[in-house]
Q: 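Pasting a structure here, questions to come.
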Amino acid sequence: MKKISLLKRLTNRRQLLLSGLALAVLSPRLVQAKEESADLRMLPRHSKPAPPARSGKRIVMIDPGHGGIDSGAVGEQGSEEKHIVLDIANNVRQLLQDHPKVEVRLTRDTDYFIPLYQRVEIAHQHGANLFMSIHADGYTSPDANGASVFALSNRGASSAMARYMSQKENDADKVGGAEVAAKDQYLNQILFDLVQTDTIRNSLTLGKHVLDQIRPVHHLHSQHTEQAAFAVLKSPSIPSVLVETSFITNPHEEQLLGTPAFRRKIASAIADGIVNYFDEYDRRQA
(Lines give C-alpha, C1' and ligand atoms only; values in the text may rest on other atoms or scores of the structure.)
Protein backbone atom coordinates (compact mmCIF):
# COMPACT_ATOMS: atom_id res chain seq x y z
CA MET A 1 0.00 0.00 0.00
CA LYS A 2 2.84 2.42 0.90
CA LYS A 3 4.46 1.75 -2.49
CA ILE A 4 1.18 2.49 -4.29
CA SER A 5 0.68 5.70 -2.27
CA LEU A 6 4.23 6.81 -2.97
CA LEU A 7 3.78 6.04 -6.67
CA LYS A 8 0.59 8.13 -6.78
CA ARG A 9 2.35 11.07 -5.09
CA LEU A 10 5.24 10.84 -7.56
CA THR A 11 2.83 10.63 -10.50
CA ASN A 12 0.83 13.62 -9.27
CA ARG A 13 4.03 15.62 -8.72
CA ARG A 14 5.27 14.69 -12.21
CA GLN A 15 1.95 15.76 -13.77
CA LEU A 16 2.09 19.03 -11.85
CA LEU A 17 5.63 19.74 -13.07
CA LEU A 18 4.71 18.90 -16.65
CA SER A 19 1.58 21.05 -16.57
CA GLY A 20 3.58 23.91 -15.10
CA LEU A 21 6.19 23.56 -17.81
CA ALA A 22 3.51 23.49 -20.52
CA LEU A 23 1.87 26.59 -19.06
CA ALA A 24 5.21 28.42 -18.99
CA VAL A 25 5.83 27.57 -22.65
CA LEU A 26 2.33 28.23 -23.96
CA SER A 27 1.35 31.31 -21.95
CA PRO A 28 3.58 33.77 -23.85
CA ARG A 29 2.22 32.42 -27.12
CA LEU A 30 -1.36 32.77 -25.94
CA VAL A 31 -0.73 36.33 -24.77
CA GLN A 32 0.96 37.17 -28.08
CA ALA A 33 -1.94 35.66 -30.05
CA LYS A 34 -4.43 37.73 -28.06
CA GLU A 35 -2.42 40.91 -28.60
CA GLU A 36 -2.10 40.28 -32.32
CA SER A 37 -5.80 39.54 -32.57
CA ALA A 38 -6.60 42.80 -30.77
CA ASP A 39 -4.26 44.74 -33.05
CA LEU A 40 -6.25 43.65 -36.09
CA ARG A 41 -9.35 45.40 -34.75
CA MET A 42 -11.50 42.93 -36.65
CA LEU A 43 -15.22 42.42 -36.51
CA PRO A 44 -16.44 39.36 -34.61
CA ARG A 45 -15.16 36.30 -36.42
CA HIS A 46 -17.76 35.02 -38.83
CA SER A 47 -17.45 33.07 -42.05
CA LYS A 48 -20.61 34.34 -43.72
CA PRO A 49 -21.45 37.83 -44.97
CA ALA A 50 -22.28 40.15 -42.08
CA PRO A 51 -25.82 41.48 -41.64
CA PRO A 52 -26.78 44.44 -43.84
CA ALA A 53 -25.41 47.85 -42.80
CA ARG A 54 -27.65 50.48 -41.20
CA SER A 55 -28.62 51.63 -44.67
CA GLY A 56 -30.02 48.15 -45.20
CA LYS A 57 -27.41 47.52 -47.89
CA ARG A 58 -24.51 45.10 -47.99
CA ILE A 59 -21.10 46.67 -48.28
CA VAL A 60 -19.04 45.53 -51.27
CA MET A 61 -15.38 46.57 -51.09
CA ILE A 62 -13.82 46.82 -54.55
CA ASP A 63 -10.03 46.97 -54.55
CA PRO A 64 -8.41 48.39 -57.70
CA GLY A 65 -5.03 46.64 -57.72
CA HIS A 66 -1.67 48.41 -57.45
CA GLY A 67 -1.49 52.24 -57.59
CA GLY A 68 0.97 55.07 -57.01
CA ILE A 69 4.58 53.92 -57.21
CA ASP A 70 3.31 50.42 -58.09
CA SER A 71 2.10 50.58 -61.69
CA GLY A 72 1.29 46.88 -61.84
CA ALA A 73 1.77 45.13 -65.17
CA VAL A 74 2.60 47.28 -68.21
CA GLY A 75 1.50 46.45 -71.74
CA GLU A 76 3.53 46.60 -74.93
CA GLN A 77 1.96 49.96 -75.80
CA GLY A 78 2.66 51.35 -72.32
CA SER A 79 -0.77 50.81 -70.77
CA GLU A 80 -0.52 50.61 -66.97
CA GLU A 81 -2.60 48.15 -65.01
CA LYS A 82 -3.21 50.56 -62.11
CA HIS A 83 -5.15 53.04 -64.29
CA ILE A 84 -7.22 50.45 -66.16
CA VAL A 85 -8.40 48.61 -63.04
CA LEU A 86 -9.31 51.87 -61.28
CA ASP A 87 -11.59 52.73 -64.20
CA ILE A 88 -13.20 49.27 -64.12
CA ALA A 89 -13.74 49.58 -60.34
CA ASN A 90 -15.39 52.99 -60.81
CA ASN A 91 -17.65 51.46 -63.46
CA VAL A 92 -18.70 48.70 -61.04
CA ARG A 93 -19.52 51.31 -58.40
CA GLN A 94 -21.52 53.37 -60.89
CA LEU A 95 -23.46 50.35 -62.16
CA LEU A 96 -24.50 49.37 -58.63
CA GLN A 97 -25.00 52.84 -57.16
CA ASP A 98 -28.81 52.59 -57.36
CA HIS A 99 -29.08 48.97 -56.30
CA PRO A 100 -31.46 48.64 -53.30
CA LYS A 101 -29.36 46.00 -51.49
CA VAL A 102 -25.73 46.73 -52.41
CA GLU A 103 -23.39 49.63 -51.68
CA VAL A 104 -19.98 49.69 -53.38
CA ARG A 105 -16.93 51.31 -51.81
CA LEU A 106 -13.35 51.44 -53.14
CA THR A 107 -10.10 50.88 -51.28
CA ARG A 108 -8.65 53.67 -53.45
CA ASP A 109 -10.39 56.11 -55.76
CA THR A 110 -7.25 57.87 -57.03
CA ASP A 111 -3.71 56.87 -57.99
CA TYR A 112 -1.85 56.04 -54.78
CA PHE A 113 -0.09 53.07 -53.22
CA ILE A 114 -1.77 50.92 -50.56
CA PRO A 115 0.03 47.94 -48.94
CA LEU A 116 -1.76 44.63 -49.29
CA TYR A 117 -2.47 44.23 -45.56
CA GLN A 118 -4.09 47.70 -45.49
CA ARG A 119 -6.45 46.76 -48.31
CA VAL A 120 -7.78 43.88 -46.19
CA GLU A 121 -7.92 46.11 -43.12
CA ILE A 122 -9.93 48.76 -45.00
CA ALA A 123 -12.52 46.12 -45.85
CA HIS A 124 -12.80 45.13 -42.18
CA GLN A 125 -13.04 48.72 -40.99
CA HIS A 126 -15.95 49.32 -43.38
CA GLY A 127 -17.70 46.14 -42.23
CA ALA A 128 -17.57 44.78 -45.77
CA ASN A 129 -19.68 41.77 -46.68
CA LEU A 130 -17.62 41.03 -49.76
CA PHE A 131 -14.13 41.93 -51.01
CA MET A 132 -13.01 41.90 -54.64
CA SER A 133 -9.57 42.87 -55.94
CA ILE A 134 -9.54 43.80 -59.64
CA HIS A 135 -6.48 43.32 -61.86
CA ALA A 136 -5.36 43.20 -65.49
CA ASP A 137 -2.16 41.33 -64.98
CA GLY A 138 0.71 40.20 -67.11
CA TYR A 139 2.52 36.97 -67.83
CA THR A 140 5.90 35.96 -69.20
CA SER A 141 4.32 35.01 -72.53
CA PRO A 142 2.32 37.52 -74.61
CA ASP A 143 0.12 34.62 -75.71
CA ALA A 144 -1.54 34.28 -72.29
CA ASN A 145 -5.09 35.58 -72.58
CA GLY A 146 -8.53 35.59 -71.01
CA ALA A 147 -10.10 36.37 -67.67
CA SER A 148 -9.60 34.44 -64.43
CA VAL A 149 -10.99 34.52 -60.90
CA PHE A 150 -8.97 33.45 -57.86
CA ALA A 151 -9.97 32.61 -54.29
CA LEU A 152 -7.79 31.88 -51.28
CA SER A 153 -6.24 28.47 -50.74
CA ASN A 154 -4.72 27.15 -47.53
CA ARG A 155 -3.61 23.94 -49.25
CA GLY A 156 -1.37 25.26 -52.00
CA ALA A 157 -2.07 26.64 -55.46
CA SER A 158 -4.59 24.91 -57.72
CA SER A 159 -2.37 25.37 -60.80
CA ALA A 160 1.03 26.61 -61.92
CA MET A 161 -0.62 29.80 -63.20
CA ALA A 162 -2.35 30.38 -59.85
CA ARG A 163 0.98 29.93 -58.05
CA TYR A 164 2.71 32.36 -60.43
CA MET A 165 -0.04 34.96 -60.08
CA SER A 166 -0.14 34.81 -56.29
CA GLN A 167 3.64 35.15 -55.99
CA LYS A 168 3.61 38.07 -58.41
CA GLU A 169 0.77 39.88 -56.64
CA ASN A 170 2.21 39.22 -53.18
CA ASP A 171 5.45 40.87 -54.30
CA ALA A 172 3.60 44.17 -54.75
CA ASP A 173 4.41 45.20 -51.16
CA LYS A 174 8.14 45.07 -51.90
CA VAL A 175 7.69 48.34 -53.77
CA GLY A 176 6.79 49.94 -50.43
CA GLY A 177 9.98 48.78 -48.75
CA ALA A 178 10.79 46.69 -45.68
CA GLU A 179 8.58 48.78 -43.36
CA VAL A 180 5.46 47.75 -45.28
CA ALA A 181 6.35 44.05 -45.21
CA ALA A 182 7.07 44.18 -41.46
CA LYS A 183 3.60 45.58 -40.74
CA ASP A 184 1.74 42.84 -42.57
CA GLN A 185 -0.05 41.30 -39.60
CA TYR A 186 -2.27 39.10 -41.77
CA LEU A 187 0.72 37.38 -43.35
CA ASN A 188 2.72 37.09 -40.12
CA GLN A 189 -0.03 35.44 -38.11
CA ILE A 190 -0.08 31.65 -38.04
CA LEU A 191 -2.82 31.19 -40.66
CA PHE A 192 -5.02 33.48 -38.51
CA ASP A 193 -8.23 31.44 -38.32
CA LEU A 194 -7.72 29.86 -41.68
CA VAL A 195 -10.02 27.17 -40.49
CA GLN A 196 -12.27 29.50 -42.48
CA THR A 197 -13.88 26.79 -44.53
CA ASP A 198 -17.18 28.62 -44.94
CA THR A 199 -15.47 31.83 -46.02
CA ILE A 200 -13.47 30.03 -48.71
CA ARG A 201 -16.58 28.14 -49.81
CA ASN A 202 -18.48 31.43 -50.15
CA SER A 203 -15.52 32.90 -52.04
CA LEU A 204 -15.64 30.00 -54.51
CA THR A 205 -19.37 30.55 -54.97
CA LEU A 206 -18.76 34.26 -55.62
CA GLY A 207 -16.03 33.37 -58.11
CA LYS A 208 -18.37 31.02 -59.97
CA HIS A 209 -21.02 33.74 -60.33
CA VAL A 210 -18.48 36.25 -61.65
CA LEU A 211 -17.08 33.73 -64.15
CA ASP A 212 -20.62 32.85 -65.31
CA GLN A 213 -21.22 36.51 -66.15
CA ILE A 214 -17.85 37.12 -67.82
CA ARG A 215 -18.05 33.94 -69.94
CA PRO A 216 -20.58 35.33 -72.50
CA VAL A 217 -18.65 38.60 -73.01
CA HIS A 218 -14.98 37.58 -72.87
CA HIS A 219 -12.75 34.54 -73.23
CA LEU A 220 -11.89 32.77 -69.95
CA HIS A 221 -8.34 31.73 -69.20
CA SER A 222 -9.66 29.26 -66.63
CA GLN A 223 -13.19 27.86 -66.58
CA HIS A 224 -13.36 27.54 -62.80
CA THR A 225 -12.24 29.60 -59.81
CA GLU A 226 -8.55 28.99 -59.19
CA GLN A 227 -7.04 29.02 -55.69
CA ALA A 228 -3.72 30.23 -54.29
CA ALA A 229 -2.28 32.04 -51.25
CA PHE A 230 -2.99 35.62 -52.32
CA ALA A 231 -2.15 37.96 -49.42
CA VAL A 232 -4.95 40.35 -50.34
CA LEU A 233 -7.55 37.57 -49.98
CA LYS A 234 -6.56 36.53 -46.44
CA SER A 235 -9.52 37.91 -44.56
CA PRO A 236 -10.76 35.21 -42.18
CA SER A 237 -14.35 36.42 -42.33
CA ILE A 238 -15.08 38.17 -45.65
CA PRO A 239 -15.66 36.21 -48.87
CA SER A 240 -12.89 37.50 -51.14
CA VAL A 241 -11.84 36.98 -54.75
CA LEU A 242 -9.28 38.43 -57.12
CA VAL A 243 -10.45 39.02 -60.71
CA GLU A 244 -7.94 39.09 -63.54
CA THR A 245 -10.01 40.86 -66.19
CA SER A 246 -7.49 40.19 -68.99
CA PHE A 247 -3.77 39.97 -69.68
CA ILE A 248 -2.42 43.44 -70.36
CA THR A 249 0.74 41.80 -71.74
CA ASN A 250 -1.32 40.28 -74.56
CA PRO A 251 -1.32 42.86 -77.42
CA HIS A 252 -4.95 42.17 -78.41
CA GLU A 253 -6.22 42.32 -74.83
CA GLU A 254 -4.20 45.46 -74.11
CA GLN A 255 -6.13 47.06 -76.99
CA LEU A 256 -9.43 45.83 -75.57
CA LEU A 257 -8.61 47.10 -72.07
CA GLY A 258 -7.85 50.49 -73.60
CA THR A 259 -11.45 50.92 -74.77
CA PRO A 260 -14.13 52.33 -72.43
CA ALA A 261 -16.70 49.96 -73.98
CA PHE A 262 -14.78 46.82 -72.99
CA ARG A 263 -13.99 48.09 -69.50
CA ARG A 264 -17.68 48.85 -69.03
CA LYS A 265 -18.63 45.39 -70.33
CA ILE A 266 -16.30 43.66 -67.86
CA ALA A 267 -17.53 45.90 -65.03
CA SER A 268 -21.14 45.00 -65.87
CA ALA A 269 -20.32 41.28 -65.72
CA ILE A 270 -18.61 41.74 -62.34
CA ALA A 271 -21.57 43.75 -60.99
CA ASP A 272 -24.08 41.10 -62.13
CA GLY A 273 -21.93 38.37 -60.58
CA ILE A 274 -21.95 40.19 -57.23
CA VAL A 275 -25.74 40.60 -57.28
CA ASN A 276 -26.27 36.95 -58.22
CA TYR A 277 -23.98 35.85 -55.39
CA PHE A 278 -26.01 37.74 -52.78
CA ASP A 279 -29.27 36.44 -54.29
CA GLU A 280 -28.03 32.86 -53.92
CA TYR A 281 -26.80 33.52 -50.40
CA ASP A 282 -30.23 34.88 -49.41
CA ARG A 283 -31.97 31.87 -50.92
CA ARG A 284 -29.75 29.51 -48.96
CA GLN A 285 -30.45 31.40 -45.73
CA ALA A 286 -34.20 31.35 -46.40
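Values in this document were obtained by computation on a predicted structure and should not be read as measured data.
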Q: At their closest point, which heavy atom of V92 faces which heavy atom of I134, and how far apart are they?
A: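 Heavy atoms only, the tightest pair is CG2-CD1, 4.4 Å.
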
Q: Can you name the side-chain contact (heavy atoms from CB on, under 4.5 Å) partners of Q97, sequence neighbours left out?
A: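 Applying side-chain contact (heavy atoms from CB on, under 4.5 Å) to Q97 gives Q94.
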
Q: For R263, check salt bridge (Lys or Arg N to Asp or Glu O under 4.0 Å) against everything at least two apart and list the hits.
A: D87

Q: Where do H218 and S246 land on the side chain to side chain donor-acceptor pair (under 3.5 Å) test, with the steps shown first?
A: CA-CA 9 Å; H218 188 47; S246 284; 2.8 Å; yes

Q: Looking only at heavy atoms, what is the nearest atom pair of A151 and L204, with distance?
A: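 Looking at all heavy atoms of both residues, the shortest contact is CB-CD2, 3.9 Å.
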
Q: Would you call E103-R105 a salt bridge at under 4.0 Å N-O?
A: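 Counted as a salt bridge, because a side-chain N and a carboxylate O are separated by less than 4.0 Å.
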
Q: Using atom types as modelled and distance alone, determine if a side-chain donor or acceptor of D111 lies under 3.5 Å from a backbone N or O of G67.
A: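 Flag not set: sc D111 to bb G67 has no pair under 3.5 Å.
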
Q: Apply salt bridge (Lys or Arg N to Asp or Glu O under 4.0 Å) to K265 and list each qualifying residue two or more places apart in sequence or on a separate chain.
A: none

Q: According to side-chain contact (heavy atoms from CB on, under 4.5 Å), who are the partners of R284, at least two apart in sequence or on a separate chain?
A: N202, T205, E280, Y281

Q: Do the side chain of R108 and the main chain of G65 share a donor and acceptor less than 3.5 angstrom apart?
A: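 Pair found, side chain donor or acceptor close to backbone of G65.
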
Q: Please find the pair of heavy atoms, one from S153 and one from Q227, that lie closest to each other, and give the distance.
A: CB-CB, 3.5 Å

Q: Is there a donor-acceptor contact under 3.5 Å from the side chain of R215 to the main chain of Q223?
A: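 Looks like yes, one N/O pair under 3.5 Å.
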
Q: Going by the side chain to side chain contact (heavy atoms under 4.5 Å, CB included) test, name the single residue among T107, V120, L130 that passes it with M61.
A: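 When side chain to side chain contact (heavy atoms under 4.5 Å, CB included) is applied between M61 and each of T107, V120, L130, only T107 qualifies.
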
Q: L116 and A231: which non-hydrogen atoms are nearest, and at how many Å?
A: CD1-CB, 3.9 Å

Q: Does the side-chain contact (heavy atoms from CB on, under 4.5 Å) test come out yes or no for R58 and F278, once each step is laid out?
A: CA-CA 9 Å; R58 287 182 168 123; F278 281 126; 3.2 Å; yes

Q: Closer than 3.5 angstrom, by distance alone: can the side chain of Q213 be matched with the main-chain N or O of I270 as a donor-acceptor pair?
A: no

Q: Between K57 (side chain) and H99 (backbone), is there a donor-acceptor pair under 3.5 Å?
A: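 Yes: the side chain of K57 pairs with the backbone of H99.
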
Q: Do the charged groups of R283 and D279 touch, with an N to O distance under 4.0 Å?
A: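 Looking at R283 and D279, the cut-off is not met.
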
Q: So, applying side chain to side chain contact (heavy atoms under 4.5 Å, CB included) with I62, which one of I88, V243, L106 is it?
A: L106

Q: Would you say T245's side chain and H135's backbone share a donor-acceptor pair under 3.5 angstrom?
A: yes

Q: Going by the rule side-chain hydrogen bond (donor to acceptor under 3.5 Å, both in side chains), which residues pair with S240 if we only count those two or more places apart in sequence or in a different chain?
A: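 Once residues adjacent in sequence are excluded, S240 has no partner under the side-chain hydrogen bond (donor to acceptor under 3.5 Å, both in side chains) criterion.
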
Q: When you compare the side chains of H252 and N145, does any donor N or O come within less than 3.5 Å of an acceptor on the partner?
A: no

Q: Side-chain polar contacts of residues 72-80 - donor-acceptor pairs under 3.5 angstrom, sequence neighbours left out - could you list them?
A:
unit_1: S79; atom_1: OG; unit_2: E254; atom_2: OE2; d: 2.9
unit_1: E80; atom_1: OE1; unit_2: H83; atom_2: NE2; d: 3.2

Q: According to a 4.5 Å side-chain heavy-atom criterion applied to Ile, Leu, Val, Met, Phe, Trp and Tyr, with indirect links allowed, do F262 and L95 form part of one hydrophobic cluster?
A: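 Hydrophobic grouping puts F262 apart from L95.
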
Q: In Å and rounded to the nearest 0.5 Å, what is the CD1 to CG distance from I266 to L256?
A: 9.0 Å

Q: Treating S203 as the side-chain partner and T199 as the backbone partner, does any N or O pair qualify as donor plus acceptor under 3.5 Å?
A: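 Here the side-chain-to-backbone pair exists.
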
Q: Taking all heavy atoms of V241 and all of L206, pick out the closest pair and write down the distance.
A: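 Nearest pair, atom of V241 first, then L206: CG2-CD2, 3.7 Å.
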
Q: Counting only N and O atoms by type, is there a donor-acceptor contact under 3.5 Å from the side chain of R119 to the main-chain atoms of P64?
A: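 Yes: the side chain of R119 pairs with the backbone of P64.
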
Q: Could you pull out the closest heavy-atom pair between L242 and V232, with the gap in Å?
A: CD1-CG1, 4.0 Å

Q: For the pair H66 and F113, evaluate ring pair (Phe, Tyr, Trp, His ring centres under 6.0 Å) and give the outcome as yes or no after the intermediate values.
A: CA-CA 6 Å; H66 308 281; F113 176 76; 9.2 Å; no

